[in-house]
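First up is the structure itself, then whatever we jot down about it.
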Amino acid sequence: MKTLDDLLGEGVSGRRVFVRADLNVPFDKANPGVISDDGRARAVLPTLIALRDAGARVIVASHLGRPKGAPDPKFTLRPVATRLAELLGSSVVFADDTVGPEAKQAVESLQDGQVLLLENLRFNEGETSKDDAVRGAFADELAAFADSYVDDAFGAVHRKHASVYDVPARLPHYAGGLVLKEVEVLRKVSETPEQPYVVVLGGSKVSDKLAVIQALLPKVDKLLVGGGMCFTFLKAQGHEVGKSLLEAEMISVCADLLEQAQGRIVLPVDVVAAAEFSADAAHDVVSVSEIPADRLGLDIGPESTSLFAEAVAGAKTVFWNGPMGVFELAPFAAGTRGVAEAITKIDGFSVVGGGDSAAAVRTLGLDESAFGHISTGGGASLEYLEGKTLPGVAALEK
Ligand SMILES: Nc1ncnc2c1ncn2[C@@H]1O[C@H](COP(=O)(O)OP(=O)(O)O)[C@@H](O)[C@H]1O
Ligand SMILES: O=C(OP(=O)(O)O)[C@H](O)COP(=O)(O)O
């Protein structure tokens, strides 16, 4: 696999370099447009700075959230361009479209050592399409912008998307430093995880992660499930979950997984049940067998937090992805804080993965250095640990 250093060695002054970054940063739930954690933007800075300082014309592209293949102002990358400029200490040109006239004009006008950020890749249906031809046509347009391609979007390497999989097939391609570092750490963890090996899962991307559980189960001693993930499992156990996050079509999959796991999947025994998704909502701790029909579970409860903390205490390897609750709202942050603190205390190696999980570590004021590795990718690192070939990595290896 060729790397950014190889590209820099070849000389990039005056050359147009397309950098796929993962700038899918979290925004403040109470203040739209305000970035709550810029960790992912910081993580790609070394690559952008190296290219800028070597005189490249740097074209940065990313997705943000999950818009539906058409422009949606809720998911514009414009605030990220502003933040990126502050972090770089130099201007960032922002194009209001991705491959349209604005972007073309901006690429044309780009000067040596200048950085351009394109609008959200997912405003185009070609980015995420399952149809190779549709993705390919979009990739042709993106590839036409540049002479070479650098992937430093570790958080998206598990996506077979145009900018991750198809553009590198059309241009000389190189792995950025972030991708290299992440893959190196995860390779060690996946090849020789010291036992006991405990995986903690939460967050809201339920169906993505149910598939991963199946693959990880044979490799782990315990799999703790909290966050929005847990309610489909609780329902499969026969509990009513009120208005909590639920993937009804996955209930039977969860029932099968619980049976296969033979006690190795650990679920919450209590949750914080709220009247609505809001920091001011009435909320109580209830047993999982007593979740009221008009409430939704927004955090694991204190008994579950102790149970999870005990389960990680003896582990030699812990991988954690997905907050235990809606940590962004103060009344629902205790479960995430408690479990995260327990992970920092293990006598072993811990990895935290995921945009929101890494953000939780920082926004809850936890000691980042107490974790073995904080990964910018949740789904990406889970799929790597599962042993899957990641499309973005495969594309770089070709
Ligand atoms: N019980 C819950 N109900 C709804 N959303 C939840 C719940 N628990 C956690 N979340 C949300 O999950 C989001 C993170 O999910 P996810 O994207 O899967 O994690 P990561 O980005 O770390 O991979 C957070 O914004 C958090 O508020
Ligand atoms: O946030 C991300 O993944 P993560 O929540 O698993 O860390 C990446 O930016 C990928 O986003 P996606 O899961 O919408 O493809």
Side-chain angles (χ1 to χ4, degrees), residues 18-29 31-44 47-48 58-88 92-107 110 115-130 134-146 149-168 176 204-205 208 354-356 359 376-380 391-392:
F18 185 100
V19 179
R20 175 53 159 107
D22 183 351
L23 300 174
N24 185 22
V25 293
F27 282 79
D28 190 331
K29 285 201 176 346
N31 297 298
V34 177
I35 296 168
S36 57
D37 181 79
D38 61 8
R40 277 185 166 155
R42 288 177 187 275
V44 77
T47 291
L48 301 185
V58 189
I59 301 154
V60 187
S62 174
H63 69 286
L64 178 75
R66 292 178 170 179
K68 304 267 177 272
D72 179 344
K74 269 207 314 281
F75 296 106
T76 177
L77 274 166
R78 185 175 278 283
V80 181
T82 307
R83 187 76 194 106
L84 206 53
E86 288 162 10
L87 292 170
L88 284 167
V92 170
V93 180
F94 181 70
D96 270 322
D97 54 23
T98 318
V99 289
E102 276 239 16
K104 287 193 173 111
Q105 174 60 43
V107 170
L110 206 55
V115 177
L116 160 70
L117 176 63
L118 302 177
E119 182 54 287
N120 196 337
L121 289 158
R122 293 186 184 171
F123 285 180
N124 302 73
E125 62 162 349
E127 171 65 0
T128 59
S129 175
K130 294 210 177 352
V134 177
R135 264 198 344 271
F138 183 51
D140 284 340
E141 291 192 272
L142 291 173
F145 283 160
Y149 169 93
V150 174
D151 189 0
D152 220 12
F154 178 74
V157 288
H158 60 315
R159 300 295 181 210
K160 193 178 175 185
H161 291 172
S163 64
V164 177
Y165 186 73
D166 304 276
V167 179
S204 56
K205 294 180 178 172
D208 280 14
D356 291 295
T376 53

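It should be emphasised that the depicted structure is a prediction, and the values quoted were computed from it without experimental measurement.
The two residues Val93 and Ala106 come nearest to each other via the heavy atoms CG1-CB, 4.4 Å. Between Leu84 and Ala41, the closest heavy-atom pair is CD1-CB, 4.2 Å. Between Thr47 and Gly176, the shortest heavy-atom distance links the atoms OG1-CA, 4.3 Å. The two residues Gly33 and Pro79 come nearest to each other via the heavy atoms O-CB, 3.8 Å. In terms of heavy-atom proximity, Ala380 sits nearest to Phe154 at CB-O, 3.2 Å. Minimum heavy-atom separation, Ala21 to Ala153: C-CB, 3.4 Å.
One distance of note links CG of Asp28 with CG of Asp37; it measures 11.5 Å at 0.5 Å rounding. Distance check, rounded to the nearest 0.5 Å: OG1 of Thr98 to CG of Leu142 gives 7.5 Å. Leu110 CG to Leu116 CG: the interatomic distance, rounded to the nearest 0.5 Å, is 5.5 Å. One finds the CZ atom of Arg83 at 7.0 Å from the CD1 atom of Ile35 (value rounded to the nearest 0.5 Å).
For the pair Val60 and Val92, the minimum side-chain heavy-atom distance is 4.5 Å or more. Inter-residue side-chain proximity for Val80 and Ser62 is flagged as unmet; no heavy-atom pair is nearer than 4.5 Å. With a 4.5 Å cut-off on side-chain heavy atoms, Leu64 and Phe27 count as touching. Side-chain contact between Pro168 and Asp151 is absent, with no heavy-atom pair separated by less than 4.5 Å. Two residues are said to be in side-chain contact when any heavy atoms from C-beta on lie closer than 4.5 Å; Arg122 and Thr128 meet this criterion. The closest side-chain heavy-atom distance from Val44 to Thr376 is not below 4.5 Å.
Atom CD of Glu125 has 12 or fewer neighbouring heavy atoms from other residues, nucleotides or ligands inside a 6.0 Å radius.
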From CA spacing to verdict: side-chain contact (heavy atoms from CB on, under 4.5 Å), Leu121, Phe138:
CA-CA 10 Å; Leu121 289 158; Phe138 183 51; 4.1 Å; yes
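Checking Glu127, His161, Arg20 one by one against His63, the side-chain hydrogen bond (donor to acceptor under 3.5 Å, both in side chains) holds for a single residue, Arg20.
Judged as a salt bridge (Lys or Arg N to Asp or Glu O under 4.0 Å), the pairs with a partner in residues 92-106 (not counting sequence neighbours) are, in order, Arg78-Asp96. Pairs passing the side chain to side chain donor-acceptor pair (under 3.5 Å) check and including a residue from residues 66-77, sequence neighbours excluded, read Arg66-Asp208, Thr76-Glu119.
Checked by atom type and distance alone, the side chain of Arg40 pairs as donor or acceptor with a backbone atom of Asn24 at under 3.5 Å.
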